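Presented below is the structure to which this report refers.
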Amino acid sequence: MKILFISPRYEGGIGGHAFRVAEKLREFGFDVKLMHIPHVPIKNLKNPSFAIFGMIKAILDREKYDVVHAWNVPSAFVMKFVKAKKKVLSVHGIYSEQVDALHSTATSSMVSNAESKVLKFADVLTTDSKSVQKTYKEKLDLDFVYLPAPLDIKKFNEIPDVKKIENQIVYVGRDSFEKGTDILRNIEPQIKGKIVYCTNMSWIEAMKNLKASFVLVVPSRMESLPQSIKEAFFLKIPVIATSVGDIPEVIKNNETGILVPPNDPQSLLDAINSLLEDKDKTSQMAEHAYEFIIENFTWEKLIFKYVDFYKNLS
């Protein structure tokens, strides 16, 4: 089976996941190609330029594919012009809500009106979030296939042993409004520890910092399910996160982590300082979290869900 993946990049959250899926599918004999598209490196022009250059590249591409898989909404505009028997679009959040939080009212209104049309570019829709699946069914009566994003535990063999740094707190992810990094920075002077922000570094460096820390903090205003939570679970690092998106699906409060309300700086501060002072609790939660991730979110547990998904498209 010949498959084309489309993503603005192949690292980080969505792009990194697409890259890992391609790697795993090749191990099972799939012919997977990654389309690389340039873009203008200016904030408000990144997605439009990516879509325009990508559409031109798709139109000029003479290859025909069994499946083309776009890994986010901007990629759908490129996917539309690819010659393929089946078209798949993955959505990792409610796109119109993300735009509403980050852009002007006029932009949000325009995107909301176009959202259902863009989603219908695809023959099949997928998401790694049960909350996204449920919301789009209620909002637009669209059916999404749930494909959870697995954790590739073999890659952690690349992470060297590091010394734990007393009361170090770590944040791993984009430095953006929807991720709530401003909330964390505002309470930082009152936190009884040091925060390391892993916002612009290689995966290995981010994991070294995570492994050396006592707590991972996820202060997001909106989410699907951050890969950093799964990574912390595997490394036995306790997690404090907001109760948004699919986070409550994996964090059972005071069992596999601690949940706090979004946009609540005081609750977040109290949870961080409390956990730093209770090493027995952090140890118990870390063990439960590790067991949960091993049983539910490794490639060993989920690979055939992906293999069967692509095989069934043909």
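Note that the numbering runs from 1 along the sequence shown for the chain. Remember, it's a predicted structure, so these values are computed and weren't measured experimentally.
A salt bridge between Asp66 and Lys85 is present, with a side-chain N of the basic residue lying under 4.0 Å from a carboxylate O of the acidic one. Using a cut-off of 4.0 Å between Lys/Arg side-chain N and Asp/Glu carboxylate O, Lys236 and Glu287 are scored as salt-bridged. Ion pairing between a basic and an acidic side chain is recognised when a charged N comes within 4.0 Å of a carboxylate O; Glu205 and Lys208 show such pairing. Residues Glu223 and Lys179 are paired through a salt bridge, judged by an N-O separation under 4.0 Å between the basic side chain and the carboxylate.
Taking the ring centre of Phe30 as origin, the terminal cationic atom of Lys24 falls outside the region bounded by 6.0 Å and 45° from the ring axis. Annotation: cation-pi geometry satisfied between Arg185 and Tyr197 (NZ/CZ under 6.0 angstrom from ring centroid, within 45° of ring axis). For the pair Lys137 and Phe144, the cation-pi test (distance below 6.0 Å, angle within 45°) is failed.
Here the shortest heavy-atom pairing between Ile195 and Ile191 reads CD1-CD1, 3.5 Å. Nearest heavy atoms, Ile237 versus Ser213: CD1-O, 3.4 Å.
Using a 30° and 60° split on the angle between ring planes, Phe234 and Phe156 fall in the tilted class, from 30° to 60°. Between Phe292 and Phe297, the two ring planes are tilted [angle within 30° to 60°]. Aromatic ring orientation, His92 versus His17: perpendicular (interplanar angle above 60°, classes split at 30° and 60°).
Taking the six-membered ring for Trp and the full ring otherwise, the centers of Phe81 and Phe121 sit at least 6.0 Å from each other.
Within 6.0 Å of CG in Asn312 there are more than 12 heavy atoms belonging to other residues, nucleotides or ligands.
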